Amino acid sequence: MNNALRITAFAAALAATFGTAYGVGRGVDPLVAAEDRPAGQHGGHGGGEEGGTKAAADHAPGGLQVSEGGYTLALETPTVRAGARSEIRFAVKDDSGQKVTAYRREHGKELHFILASTDLTQYRHLHPVRAADGTWSTPVDLPEAGGYRVFADFTPAAAGAENLTLGADLAVSGAYRPAVLPAPGATAEVDGYRVTLGGELRAGRAGELKPSISKDGRPVTDLEPYLGAYGHLVALRSGDLAYLHVHPNEGGPGPVVSFTATAPSAGTYRLFLDFKHEGKVRTAAFTVRVAEPGNGDGAHRDSGTGEPAAHAH
């Protein structure tokens with residue numbers, strides 16, 4: 001295929017991907033945090049204040065909007081090339097158009113930056129560096145071309161500012177090969193670790209997710225803190241990539257890490273679990289299907305395997 005034809009085919013596929021995501025996003029309910037979750041367990045990193053759950057329920061899910069609450073995610077690098085080390089640059093701007101330079105630190109960072117492909121087969125939890133003028137940058141090397149979504153999870157230092165998760169589209173150029181969402185299953189394998197996802201993600205009410213981690217057939221009981229916790233879980237809804245970031249319930253350091261979350265709509269979700277052991281962070285990925293409330297026990301208790309999600313620093 002010549003270059004012109006390849007670019008045209010990629011552009012058409014990318015447009016179709018974004019069009020589908022937009023249509024699905026308008027047709028399903030938002031993904032919100034559970035009302036009975038302990039403080040600090042709400043969507044995003046900063047939902048621990050009183051009333052945080054109500055705010056989460058009253059607003060659209062994180063990551064679907066580029067602007068919210070007077071802040072905008074300005075992606076200065078909207079395109080990178082597949083298979084090449086690139087730098088992504090972005091800024092958060094306030095309602096006057098000025099770059100934000102002061103943030104509240106949450107879980108050791110001023111801002112958490114998540115990147116995922118629209119087919120949910122590629123995932124990165126990155127740690128960008130902020131320049132004095134408010135411009136953030138981070139290196140990235142993405143192996144597959146296609147449409148991606150980036151998420152900035154942060155709380156401005158301004159008085160009264162709330163935690164926000166803003167999203168923007170990223171295009172990765174190259175030969176585009178559509179991928180199928182990995183089928184549901186019970187376990188994920190990553191770097192010799194076996195992660196089994198127990199529990200339920202329910203529609204309309206709280207459910208507990210309980211990943212259990214083992215290595216060489218033995219439970220891992222000495223997980224190490226990563227960003228102040230024994231595990232981090234990001235859930236993305238297939239279709240619109242609605243974003244939910246939760247933290248573990250009390251417990252640790254393994255082999256089971258417990259999370260509580262609510263899926264308000266039926267559908268398919270992709271879960272990415274970050275955990276740290278022997279000095280390295282790894283990511284296990286699962287596909288979860290949630291049934292309509294009242295169908296069985298209100299949820300489909302199903303988790304999945306696929307290629308382990310890559311994790312970059």
Side-chain angles (χ1 to χ4, degrees), residues 11-34 42-44 47 55-69 71-73 75 78 90 112-125 142 144 146-154 163-172 176 178-184 201-204 207 209 233-246 261-272 285-293 299-300 302-304 306 309:
L14 189 58
T17 299
F18 289 148
T20 300
Y22 176 78
V24 174
R26 293 174 60 88
V28 295
D29 294 331
L31 182 63
V32 296
H42 307 292
D58 289 346
H59 293 82
L64 295 185
Q65 302 182 80
V66 70
S67 297
E68 185 179 359
Y71 295 91
T72 297
L73 175 58
L75 186 61
F90 65 95
H112 296 262
F113 194 66
I114 304 295
L115 183 154
S117 59
T118 54
D119 61 18
L120 294 176
T121 60
Q122 296 293 322
Y123 172 86
R124 303 286 190 277
H125 184 168
L142 299 172
E144 300 294 337
Y148 285 71
R149 188 77 174 168
V150 298
F151 304 89
D153 182 347
F154 63 94
N163 176 258
L164 296 169
T165 300
L166 302 179
D169 293 329
L170 174 72
V172 179
Y176 176 64
V180 177
L181 187 70
L201 181 60
R202 304 179 178 187
L209 297 169
L233 183 66
V234 169
L236 297 174
R237 186 170 55 196
S238 179
D240 61 358
L241 272 67
Y243 172 99
L244 174 66
H245 191 138
V246 295
T262 298
S265 67
T268 302
Y269 298 82
R270 187 75 167 154
L271 276 56
F272 300 94
F286 302 88
T287 300
V288 175
R289 289 179 182 163
V290 179
E292 294 284 356
H300 189 73
D302 224 346
S303 55

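Keep in mind that what you see is a predicted model, and the values were worked out from it rather than measured.
The two residues Leu201 and Leu209 make their nearest non-hydrogen contact at N-CD2, 3.8 Å. Closest approach of Leu181 and Ser238 over heavy atoms only: CD2-OG, 4.2 Å. Heavy-atom minimum distance, Asp240 versus Leu64: O-CD2, 3.2 Å. The two residues Ala291 and Ala203 have their closest heavy-atom pair at O-CB, 3.5 Å. Across all their heavy atoms, Ala152 and Leu73 have their closest contact at CB-CD1, 4.1 Å. Val290 approaches Arg202 most closely through the heavy-atom pair CG1-C, 3.9 Å.
Residues Leu166 and Glu68 are in side-chain contact: their nearest non-hydrogen atoms beyond the backbone lie under 4.5 Å apart. The side-chain heavy atoms of Thr268 and Leu120, taken from C-beta on, include no pair separated by under 4.5 Å.
Of the residues listed (Tyr123, Phe113, Phe90, Tyr243), the one engaging Phe151 in a ring pair (Phe, Tyr, Trp, His ring centres under 6.0 Å) is Tyr243, and it is the only one.
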**OP:** Step by step, work out the side chain to side chain contact (heavy atoms under 4.5 Å, CB included) result for Phe154 and Asn163.
**Re:** CA-CA 6 Å; Phe154 63 94; Asn163 176 258; 5.6 Å; no
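Side-chain N or O atoms of Thr287 include one that pairs as donor or acceptor with a backbone N or O of Pro182 at under 3.5 Å. At distances below 3.5 Å, not a single donor-acceptor pair connects side-chain atoms of Asp169 with backbone N or O atoms of Arg149.
Once rounded to the nearest 0.5 Å, the distance linking CG of Leu170 with CG of Leu142 reads 7.0 Å. Going from atom CG of Leu115 over to atom CD of Gln122 covers 9.0 Å, rounded to the nearest 0.5 Å.
Remark: Thr72 pairs with Ser67 by the side chain to side chain donor-acceptor pair (under 3.5 Å) rule, at least two apart or across chains. Taking the ring pair (Phe, Tyr, Trp, His ring centres under 6.0 Å) definition, one finds that Tyr71 meets it with nothing, sequence neighbours left out.
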